[in-house]
Enquirer: 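Got a structure for you, questions after.
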Amino acid sequence: MLTWGDVRRWDPAAIGRVADALNDGCTKIIAANDDVEAMARFTGWTGDAATAAATRGASLTSTLERLVAEASAVRRGAHEVQIALDRIVAFVRETDELAHRNGLTIGAGGEISVGVPRPGQARVTAELADRIEQGLRRAADVDADFAEILRRALRGEITEQGGSTLAQAADAGAAQSGLSIIGPPENGTPGDNKAWWASLSDTAKVALLQGNPGLVGNLDGIPAADRDAANRAVLASEIARLQGDPKLKGLEAIQQRLAQSEPRAFLLGLDTGGDGKAIVSAGNPDTAANVATYVPGTGSELAKIGGDLNRSDKMWAAATTSGSPSTAVITWLGYDAPDGITDAASDKYADGGKAALAQFQDGLRETHQGPPSHNTVLGHSYGTTVVGHAAGDGGLAADELVFVASPGVGAHDVSELHLDGVNQDEIGKHVHATVAEHDMINLANVEIAGYDPVLGQDPTDADFGGQVFTSAPGTDGWGGFSTEAHSEYWEDNNPSLRNVGLIIAGKPAS
């Protein structure tokens with residue numbers, strides 16, 4: 001039975017050296033492929049001796065194919081186990097450090113003892129006990145996985161299939177190395193996806209993240225760190241594939257943002273089809289106390305995502321300055337946005353994106369660690385229409401809605417919007433809106449001959465029932481309106497940015 005002391009002593013690099021040695025051996029045998037195959041041919045030699053030699057050569061070739069297949073399977077398994085062990089050893093180290101910071105020690109058998117008495121040790125002791133149990137369970141799973149791979153190789157269950165060369169035998173063996181993994185539930189909810197992912201061992205998770213990252217990266221209900229690992233692999237392959245494509249600019253902007261350290265970014269979704277979609281979080285939404293989802297508007301697409309990432313970084317900084325202890329601000333380009341003003345007069349794009357937004361918000365609730373986070377969903381321009389339609393269809397998993405420069409949110413007043421966990425009698429306290437005096441969007445909100453605006457009531461109207469906060473007037477223009485004012489809400493000197501930061505931090509705006 002594994003103990004905490006055993007796992008402390010684990011050396012992932014040693015498993016890596018086993019994988020490297022097996023790889024070197026397979027490479028040398030495969031390099032001699034022509035000589036090995038020649039043993040089974042003996043061209044120009046006939047008779048009983050030739051037949052016997054050919055039979056013996058074919059037997060040797062078959063044996064080498066089997067050995068290469070088995071060695072390749074163990075090599076791949078060892079590589080996957082090494083990565084899984086890295087994760088577990090890091091978890092053990094973090095747990096030991098948590099104990100040390102709080103005046104506690106963890107013995108080799110997993111027992112927790114008090115070194116220096118400090119306030120709050122009872123709570124930390126309970127957390128440590130949970131982490132020790134979780135760590136040992138994960139370690140036992142990985143140990144069992146690798147043992148099963150070795151047993152399969154020793155029993156001869158890993159064989160070359162359908163190939164005719166040693167290289168093909170190696171590929172076939174590597175393909176058979178992983179354990180049988182049942183895929184995620186078809187059309188599963190975020191809760192279903194979370195339960196499926198939790199049922200997998202670390203080795204199985206690593207195998208999926210390496211072998212099929214596209215399957216994992218866009219699943220709501222999967223932890224942010226794992227979605228990020230999967231999508232980074234997809235990002236690298238898509239950058240290599242889409243050279244010369246306009247979307248490459250957006251992919252490179254994401255790559256550059258991921259390389260920045262403060263706050264760390266997580267790539268939670270990526271799809272290069274059509275105009276492209278991407279979900280990028282500034283900060284870890286699974287651990288942040290305050291989490292905001294920003295939905296951009298008309299004209300948004302993958303190629304232009306760099307500007308939206310910059311806006312999210314500014315909102316993260318504003319929330320942090322406003323006193324948020326930990327923050328994540330997510331750029332959610334998870335829908336097909338209208339290409340221009342003409343398209344933006346239709347609510348079909350909002351109807352097309354509302355379910356994906358609602359499911360994403362449900363996923364944030366499923367994967368969050370510790371007490372529930374304070375979640376805000378913010379839309380800009382047509383993004384407010386998407387948010388409004390999502391909140392109007394039975395409820396959105398959020399605590400606050402923010403509408404910036406809205407052409408309408410598909411509702412006549414706040415009573416038609418719903419937030420999970422917010423009393424409907426108090427919904428107006430949790431809906432916030434602003435629009436600049438000179439923003440051209442004001443023209444879309446004018447009632448003509450008694451008809452309501454096309455996309456619904458202006459959420460900054462007093463009779464809408466929400467909380468209106470201040471923005472700078474914006475750049476003046478022809479007739480008192482400009483397109484520039486529509487994009488100036490994130491300028492450093494604009495009170496709208498400060499107010500958004502306050503709302504994200506759970507504080508009153510002005």
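Position 1 is the first residue of the sequence, and the numbers go up from there.
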Enquirer: Step by step, would you call Gln467 with His430 a side-chain hydrogen bond (donor to acceptor under 3.5 Å, both in side chains)?
Expert: CA-CA 8 Å; Gln467 310 297 309; His430 298 268; over 6 Å; no
Enquirer: Checking the side chain of Gln361 only, and the main-chain atoms of Ala397 only, is there a donor and an acceptor separated by less than 3.5 Å?
Expert: yes
Enquirer: For Glu238 and Thr272, test the side chains for any donor-to-acceptor distance below 3.5 angstrom and give the result as yes or no.
Expert: yes
Enquirer: Fit a plane to each ring of Tyr489 and His486, take the angle between them on a 0 to 90° scale, and name the class: parallel (under 30°), tilted (30 to 60°) or perpendicular (over 60°).
Expert: perpendicular
Enquirer: Any ring pair (Phe, Tyr, Trp, His ring centres under 6.0 Å) pairs touching residues 208-267, not counting sequence neighbours?
Expert: none
Enquirer: Determine whether Asp399 and His374 satisfy the following criterion, side-chain hydrogen bond (donor to acceptor under 3.5 Å, both in side chains), listing intermediate values before the conclusion.
Expert: CA-CA 6 Å; Asp399 304 287; His374 172 258; 5.1 Å; no
Enquirer: Does Ser324 form a side-chain hydrogen bond (donor to acceptor under 3.5 Å, both in side chains) with Asn290? I'd like the steps, not just the answer.
Expert: CA-CA 7 Å; Ser324 173; Asn290 295 296; 2.8 Å; yes
Enquirer: Could you give me the CA-CA distance, side-chain angles and deciding distance for Arg498 and Ser510, then say whether side-chain hydrogen bond (donor to acceptor under 3.5 Å, both in side chains) is met?
Expert: CA-CA 9 Å; Arg498 179 179 61 84; Ser510 62; 3.1 Å; yes
Enquirer: Is it the case that Thr434 and Ser471 place a side-chain donor and acceptor less than 3.5 Å from each other?
Expert: yes
Enquirer: Any donor and acceptor pair, going by atom type alone, linking the side chain of Asp228 with main-chain N or O of Leu268 inside 3.5 Å?
Expert: no
Enquirer: Using side-chain heavy atoms (C-beta onward) and a distance below 4.5 Å, is Asp351 in contact with His389?
Expert: yes
Enquirer: With Arg131 as the cation and Phe91 as the aromatic partner, state whether NZ or CZ is under 6.0 Å from the six-membered ring centre and within 45° of the axis.
Expert: yes
Enquirer: For the residue pair Ile88 and Val142, establish whether any side-chain heavy-atom pair is separated by less than 4.5 Å.
Expert: yes
Enquirer: I'd like to know if Lys247 pairs up with Asp275 as an ion pair, taking the criterion as any Lys NZ or Arg NE/NH1/NH2 lying under 4.0 Å from an Asp or Glu carboxylate oxygen.
Expert: no
Enquirer: Give the ring-plane orientation class for Trp332 versus Phe360, where under 30° counts as parallel, over 60° as perpendicular and anything between as tilted.
Expert: tilted
Enquirer: Between the side chain of Glu488 and the main-chain N/O of Asn494, is any donor-acceptor distance below 3.5 Å?
Expert: no
Enquirer: Is it true that a side-chain atom of Ser281 and a backbone atom of Ala265 form a donor plus acceptor pair closer than 3.5 Å?
Expert: no
Enquirer: Does Asp413 use its side chain to pair, donor to acceptor, with the backbone of Gly465 at less than 3.5 Å?
Expert: no
Enquirer: Sequence neighbours left out, what passes side-chain hydrogen bond (donor to acceptor under 3.5 Å, both in side chains) with Ser199? Give chain and number order.
Expert: none
Enquirer: Between Ser201 and Ala204, is there a donor-acceptor pair closer than 3.5 Å when you use the side chain of the first and the backbone of the second?
Expert: yes
Enquirer: Pick one: which of Asp286, Asn218, Thr367, Asp220 meets side-chain hydrogen bond (donor to acceptor under 3.5 Å, both in side chains) with Arg227?
Expert: Asp220
Enquirer: Apply the test salt bridge (charged side-chain N to carboxylate O under 4.0 Å, His left out) to residues Lys249 and Glu252: give CA-CA distance (whole Å), side-chain angles for both, the deciding distance (0.1 Å), then the verdict.
Expert: CA-CA 5 Å; Lys249 181 178 180 181; Glu252 290 176 338; over 6 Å; no
Enquirer: Near Leu215 CG, under 6.0 Å, is it more than 12 heavy atoms from other residues, nucleotides or ligands?
Expert: yes
Enquirer: Flag the pair Lys304 and Asp339 as a salt bridge only when some basic side-chain nitrogen lies within less than 4.0 angstrom of an acidic carboxylate oxygen.
Expert: no
Enquirer: Is any side-chain N of the basic residue among Lys314 and Glu491 closer than 4.0 Å to the acidic one's carboxylate O?
Expert: no
Enquirer: Would you mind checking if Arg87 and Asp226 are paired as a salt bridge, meaning a charged N to carboxylate O distance below 4.0 Å?
Expert: yes
